[in-house]
Protein chains: 2
Amino acid sequence: MNKVFHAITEKQQDADATTMAADITSDYQLEDQVGFILRCVNQRHLSIFSRLIPDLTPTQFSALTKLCENGQASQNELGRMIAIDAATIKGVVDRLKLRGLISSESQPSDLRRLILKPTAKGRQLFDQIRVAALAVSEETLKPLSDKERHLFFRLLMKLR
Amino acid sequence: MNKVFHAITEKQQDADATTMAADITSDYQLEDQVGFILRCVNQRHLSIFSRLIPDLTPTQFSALTKLCENGQASQNELGRMIAIDAATIKGVVDRLKLRGLISSESQPSDLRRLILKPTAKGRQLFDQIRVAALAVSEETLKPLSDKERHLFFRLLMKLR
DNA sequence: GCAAATTAGTTTGTATGCTAACAGTTTATG
DNA sequence: CATAAACTGTTAGCATACAAACTAATTTGC
């Protein structure tokens, strides 16, 4: 799982969020920087994801999901849809292909393009996992009330 | 810089955050999952960081900052302070050492430990960069009002 | 006091994620 | 129509990031 995450949360559980947020502009404190906490929250999410969905990485799941949602896409197109650059998406696609979850064929009308589609096995895995994916979101947001979740979501969207 | 981030934001600028957040539990949509958006927000932050602070990666900056704040730390200790596992912190420390920003010596009372300290050059760089680091946070949070920033910070802290 | 458990650091392997440079293909432009 | 510009996928290189397995040193438990 994720040893670092647990070590950290145990240590800093009692921190006073309101106070720390107050002096952002005064003295420099690493823990007050958005980027640092963002990284920790992301870390916690990844830890939850890999525990509930050990079969795929979040990135692989995103790619498979988008292909199942759209039916097909070219490689770079897929990357743009889930915010992954061309160099990275290649590796992701290669690994999904290696596991028989997606297939690729070149598009006759544009020989540069590789058309990717989910295989039957890929669609089956996606259907199995999508429920767990909702549980991942649920557990990630567990520390927040329903009202706080919607608020957090709205603010997070603005920072995309 | 970060080509993916720009391509994505241009496309999805007009998305309605409130509506999308509303149906989290109904039909599965990748864009509604916290983890996905969290990753995008993190991506945007990294892009801002590398533009304003090209000299160091966020992780390297975190490590250097903690050493400057604390004076010294052992390698694993440093990793725990900034939520980085032992395998990763080794590479980070090696690269900072290679650039002469930190020094290491083994601790006589415990021969397993490597005591890390920032060098004069390291402290100097940190002092130069800390202002830019505040600017990174500022620009990352730019889409939010002051009230929203404090709110976001409070909620983010809860999800650590 | 000594074996067992723990801790610190290292190494290997896998997966993201980015930049930069490249070749082949297609589109736009003069 | 010819050439420049843009796009698609690929490769290499670097930097996180984590799991697992390992060595060496220290601490615990009996």
Side-chain angles (χ1 to χ4, degrees), chain A residues 1-8 35 39-40 42-51 54-63 73-80 82-99 104-116, chain B residues 1-8 35 39-40 42-51 54-63 73-80 82-99 104-116:
Chain A
M1 217 57 55
N2 190 326
K3 291 164 194 168
V4 176
F5 161 60
H6 292 299
I8 293 295
R39 183 177 147 277
C40 293
N42 205 47
Q43 199 175 44
R44 174 166 162 271
H45 172 262
L46 294 179
S47 153
I48 293 171
F49 191 104
S50 77
R51 178 160 46 80
D55 287 333
L56 291 175
T57 66
T59 302
Q60 287 167 3
F61 178 71
S62 291
S74 83
Q75 190 170 290
N76 281 7
E77 212 173 10
L78 177 61
R80 279 192 295 271
I82 59 178
I84 290 173
D85 68 297
T88 303
I89 195 68
K90 190 204 185 320
V92 176
V93 162
D94 283 351
R95 283 180 284 276
L96 289 175
K97 241 179 348 190
L98 205 67
R99 291 178 53 186
S104 74
E105 47 178 316
S106 72
Q107 175 181 315
S109 65
D110 187 341
L111 297 180
R112 295 169 303 179
R113 290 179 150 230
L114 274 180
I115 300 301
L116 308 176
Chain B
M1 218 55 56
N2 188 326
K3 291 166 194 167
V4 177
F5 161 60
H6 292 299
I8 294 296
R39 183 177 145 276
C40 293
N42 204 46
Q43 198 176 46
R44 174 165 162 271
H45 173 262
L46 294 178
S47 152
I48 293 170
F49 191 104
S50 77
R51 178 161 45 81
D55 286 334
L56 291 176
T57 66
T59 303
Q60 288 167 2
F61 177 71
S62 291
S74 83
Q75 190 172 288
N76 281 7
E77 212 173 10
L78 177 61
R80 280 190 296 270
I82 58 178
I84 290 173
D85 70 298
T88 304
I89 195 69
K90 191 205 183 318
V92 177
V93 162
D94 283 351
R95 283 180 283 276
L96 288 175
K97 242 182 342 193
L98 206 68
R99 290 177 54 186
S104 75
E105 48 178 318
S106 71
Q107 173 181 314
S109 64
D110 187 342
L111 296 180
R112 295 169 305 179
R113 290 179 149 232
L114 275 178
I115 301 300
L116 308 177

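Here the structure is a predicted model, which means the values were calculated and not measured. In what follows, chains are A, B, ... by sequence order, proteins preceding strands, each numbered from 1.
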Counting just side-chain N and O atoms, does [X] come under 4.0 Å of either OP1 or OP2 of [N]?
| X | N | value |
| --- | --- | --- |
| T59(A) | dA15(C) | no |
| R113(B) | dT26(D) | no |
| Q107(B) | dA8(C) | no |
| S50(A) | dC18(D) | no |

Among [options], find the nucleotide with the atom closest to the side chain of [X].
| X | options | value |
| --- | --- | --- |
| A86(B) | dG17(C), dT10(C), dA17(D) | dT10(C) |
| R39(A) | dA17(D), dT16(D), dT16(C) | dA17(D) |
| R112(B) | dT26(D), dC18(D), dT16(C) | dT26(D) |
| A87(A) | dG17(C), dC18(C), dG9(C) | dC18(C) |
| L114(B) | dG9(D), dT11(D), dG9(C) | dG9(C) |
| I84(A) | dG17(C), dT11(C), dA8(C) | dG17(C) |
| R95(A) | dA15(C), dA17(D), dA8(C) | dA15(C) |
| Q43(A) | dG17(C), dA17(D), dG9(C) | dA17(D) |
| Q75(B) | dT10(C), dT8(D), dG17(C) | dT10(C) |

So what does T88(A) touch, heavy atoms closer than 4.0 Å: a base, only the sugar-phosphate, or nothing?
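Base contact.
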Looking across every strand, which nucleic acid part, if any, lies under 4.0 Å from D110(A) by heavy atom: base, sugar-phosphate, or nothing?
sugar-phosphate
[X] has an atom [atom1]; how far is it from atom [atom2] of [N], in whole Å?
| X | N | atom1 | atom2 | result |
| --- | --- | --- | --- | --- |
| L46(B) | dA15(D) | CG | C1' | 11 Å |
| L96(A) | dA15(C) | CG | P | 10 Å |
| D85(B) | dT7(C) | CG | P | 16 Å |
| L111(B) | dG9(C) | CG | P | 12 Å |
| R80(A) | dT8(D) | CZ | P | 5 Å |
| E105(B) | dG9(C) | CD | C1' | 16 Å |
| I89(B) | dT11(C) | CD1 | C1' | 17 Å |
| L56(A) | dT14(C) | CG | P | 17 Å |

Nearest heavy atom decides the nucleotide; on that basis, is I115(B) or T57(A) closer to the 5' end of DNA chain C?
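Result: I115(B).
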On DNA chain C, does the nearest nucleotide to G91(A) precede the nearest nucleotide to P108(A) from the 5' side, or the other way round? Give the residue.
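Between the two, 5'-proximity favours G91(A).
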Determine whether a donor-acceptor pair (N or O, by modelled atom type, separation under 3.5 Å) exists between the side chain of R39(A) and the backbone of T59(B).
no
Donor-acceptor under 3.5 Å (Q43(B) side chain, A83(A) main chain)
yes
To the nearest 0.5 angstrom, please state how far the OG1 atom of T57(A) sits from the CG atom of L46(A).
9.5 Å
What's the spacing between I89(A) CD1 and D94(A) CG if we round to 0.5 Å?
10.0 Å
Along DNA chain D (nearest heavy atom to each residue), the more 5'-positioned of N76(A) and S109(B):
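Its nearest nucleotide lies further toward 5', so the answer is N76(A).
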